**Q** 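If you scroll down you'll find the structure; I have some questions about it.
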Amino acid sequence: PQIAKVLKDAGVAPGDRDVVQEPKLTDTLALYIATVQTGALYLPMNTAYTQAELTYFVEDAQPKIVVCDADSEDDTTRIAQAIGAKVLTLSGDHGSLSLAANDKPDSFEAASRGPDDLAALLYTSGTTGRSKGAMMSHRNLLSNAETLIDLWQITNADRLLHALPIFHTHGLFVALNTALLAGTRVRLMSGFNVDTIVDELPGSTLMMGVPTFYTRLLDDARFDKDLTRNMRLFISGSAPLLAETHQAFEARTGHRILERYGMTETNMITSNPYDGARVAGTVGYPLPGCEVKITNPEPAETLPKGEIGMIEVRGENVFQGYWNMPEKTAEEVRENGFFLTGDLATEDEDGRITIVGRAKDLIISGGYNIYPKEVEDVLNELAEVEESAVYGVPHADFGESVIAAIVPTNGAQIDVDALRGTVEAQLARFKHPRDYIVMDALPRNTMGKVQKNILRDSYGQ
């Protein structure tokens with residue numbers, strides 16, 4: 001309530017946007033709740049984003065305020081001032097927002113909002129163009145949280161181990177919205193640390209993570225059946241979980257990881273059952289209230305069971321469209337309300353969904369979305385680079401890792417270390433290519449399109 005009062009005094013009104021690029025703190029969670037109380041839209045930013053990346057989001061979202069760490073206040077102020085936004089800091093006891101909140105009353109009358117009013121704006125990556133802001137309504141978030149609480153049997157008797165970041169759907173909406181709604185206790189961790197997880201597991205019942213969490217736990221000899229005896233449920237998402245990880249995890253602990261599937265634009269779409277077979281390699285069944293079909297998108301025909309097609313989904317969980325992008329919204333949301341996810345999958349006779357790939361070349365590494373064009377644009381600006389192609393290859397720990405194929409300008413010598421330095425200066429760390437491959441030419445089909453499938457097969461590293 002005190003933070004909400006500071007926001008209101010700063011001019012934040014219903015419908016305004018609050019951009020937040022802050023470390024994972026209890027005050028950051030309080031800021032999320034306070035933003036919702038004011039009726040504004042919460043817009044979390046990856047803390048790894050550079051100032052150049054942050055500039056795009058601020059200019060696109062036109063927020064009323066930008067909340068950042070004190071260490072980046074000067075740079076962020078220059079960005080915010082260009083659009084007339086205010087900057088506040090939330091850095092422990094010394095942040096301007098934290099200090100102002102200390103003097104405010106501990107009650108606040110929340111703004112009146114309807115189910116279709118917007119609650120959050122989350123930017124998601126595609127394979128072309130810039131990031132798109134997915135508009136999430138109160139109904140979108142509440143309906144999905146209620147469904148997951150019921151499906152996964154989350155109660156106030158649970159204690160959630162929370163090591164995920166809170167600037168995207170998984171850590172913020174899937175984990176925290178369900179916990180807040182169910183009254184679940186939360187052990188909020190700044191990040192994933194094996195030693196801390198090992199210490200906290202005996203007193204916890206629930207954990208949500210990305211595949212990397214589980215592979216790293218399996219690498220630790222202390223992680224065994226006795227350590228997890230009090231755990232009720234392990235959930236994995238944001239990237240595919242390898243079948244061997246499923247099997248090794250069950251053999252070590254006796255627990256079968258529950259894998260589910262969702263997107264920024266939809267929250268969760270499917271889940272393996274709480275009671276029943278959790279099949280490795282599948283993402284389970286459509287959630288109650290979610291209509292899922294596998295289609296040939298053009299001309300929008302539903303495919304027979306077992307055939308590979310695009311996942312389309314309709315339901316109260318599906319977003320309201322892309323911020324300031326009506327044309328893009330019209331491309332991806334049909335008039336009948338079905339959203340074209342861009343993910344390719346099959347559905348078996350029992351209704352289980354298995355993801356087999358992506359129609360676009362989106363890379364998911366460690367649970368983070370990376371679109372190749374952004375990396376390619378940085379590389380292609382260099383005089384010594386004629387063209388580039390960035391793609392993902394399987395990685396046992398992160399799901400996928402990033403590879404860049406480079407074609408040098410005639411006669412140019414490629415300095416890979418210089419390429420790395422350029423990318424590292426302009427893009428967040430999780431977008432950096434793991435390897436650079438220098439080639440005479442990129443493989444293309446008869447229409448001139450780069451065939452990234454050949455790059456993956458031939459230069460998969």
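Remember, it's a predicted structure, so these values are computed and weren't measured experimentally.
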**Q** Run the ring pair (Phe, Tyr, Trp, His ring centres under 6.0 Å) test against Tyr32 and tell me which residues pass, sequence neighbours left out.
**A** Tyr42

**Q** Check Leu206, Val174, Ile257 against Ile235 for a side chain to side chain contact (heavy atoms under 4.5 Å, CB included) and give me the one that passes.
**A** Leu206

**Q** Can you sort out the partners of Glu376 under salt bridge (Lys or Arg N to Asp or Glu O under 4.0 Å), two or more places apart, ordered by chain and number?
**A** Lys452

**Q** Report yes or no: do Ser137 and Asp116 form a side-chain donor-acceptor pair below 3.5 Å?
**A** no

**Q** Who are the salt bridge (Lys or Arg N to Asp or Glu O under 4.0 Å) partners of Arg420, not counting sequence neighbours?
**A** none

**Q** Quick one: list whatever passes salt bridge (Lys or Arg N to Asp or Glu O under 4.0 Å) with Arg260, sequence neighbours left out.
**A** none

**Q** Kindly write out the residues that satisfy side-chain contact (heavy atoms from CB on, under 4.5 Å) with Ala280, not counting sequence neighbours, or none if the list is empty.
**A** Ala243, His246, Arg256

**Q** What pairs meet the salt bridge (Lys or Arg N to Asp or Glu O under 4.0 Å) rule with one or both residues in residues 37-50, with sequence neighbours excluded?
**A** none

**Q** Considering the options Phe167, Phe57, Tyr123, which one meets the ring pair (Phe, Tyr, Trp, His ring centres under 6.0 Å) requirement together with Tyr49?
**A** Phe57

**Q** Between Gln320 and Asn140, do the side chains contain an N or O donor and an N or O acceptor separated by less than 3.5 Å?
**A** yes

**Q** Assess whether a salt bridge exists between Asp377 and Lys373, defined as any Lys/Arg side-chain N lying under 4.0 Å from an Asp/Glu carboxylate O.
**A** yes

**Q** Only pairs under 3.5 Å count here: list side-chain donor-acceptor contacts from residues 62-71, not counting sequence neighbours, and write none if there are none.
**A**
{"residue": "Gln62", "atom": "NE2", "partner": "Glu59", "partner atom": "O", "Å": "2.9"}
{"residue": "Asp69", "atom": "OD1", "partner": "Ser91", "partner atom": "OG", "Å": "3.4"}
{"residue": "Asp69", "atom": "OD2", "partner": "Asp71", "partner atom": "N", "Å": "3.0"}

**Q** Mind checking ring pair (Phe, Tyr, Trp, His ring centres under 6.0 Å) for His138 and listing every partner two or more places apart, or none if nothing turns up?
**A** none

**Q** Strictly below 4.0 Å, N to O, side chains only: are Asp74 and Arg78 in salt-bridge contact?
**A** no

**Q** Check whether any side-chain N or O of Thr50 sits under 3.5 Å from a backbone N or O of Glu53 as a donor-acceptor pair, and report yes or no.
**A** yes

**Q** Heavy-atom distance under 4.5 Å between the side chains of Trp152 and Leu258, does that happen here?
**A** yes

**Q** Looking only at the side chains, is there a donor atom on one of Asp397 and Thr215 sitting less than 3.5 Å from an acceptor on the other?
**A** yes

**Q** In a check of side chain to side chain contact (heavy atoms under 4.5 Å, CB included) between Tyr436 and each of Val390, Asp417, Leu379, Ile414, which one passes?
**A** Leu379

**Q** Phe249: what forms a ring pair (Phe, Tyr, Trp, His ring centres under 6.0 Å) with it, not counting sequence neighbours?
**A** Tyr214, Phe223, Phe234

**Q** Do side-chain atoms of Tyr261 reach the backbone of Ile353 as a donor and acceptor pair under 3.5 angstrom?
**A** no

**Q** Would you mind listing every salt bridge (Lys or Arg N to Asp or Glu O under 4.0 Å) that reaches into residues 184-200, with sequence neighbours excluded?
**A** Arg159-Glu200, Arg187-Glu200, Asp195-Arg222

**Q** Is a donor on one side and an acceptor on the other found under 3.5 Å between the side chain of Thr28 and the backbone of Pro23?
**A** yes

**Q** Who are the ring pair (Phe, Tyr, Trp, His ring centres under 6.0 Å) partners of Phe430, not counting sequence neighbours?
**A** Tyr368

**Q** Hey, is Glu374 close enough to Lys431 for a salt bridge, meaning N to O under 4.0 Å?
**A** yes

**Q** Name each donor-acceptor pair under 3.5 Å that joins a side chain in residues 335-342 to protein atoms two or more places apart or in another chain, with its distance.
**A**
{"residue": "Asn336", "atom": "OD1", "partner": "Phe338", "partner atom": "N", "Å": "3.1"}
{"residue": "Thr341", "atom": "OG1", "partner": "Ile311", "partner atom": "O", "Å": "2.7"}
{"residue": "Thr341", "atom": "OG1", "partner": "Asp343", "partner atom": "N", "Å": "3.1"}

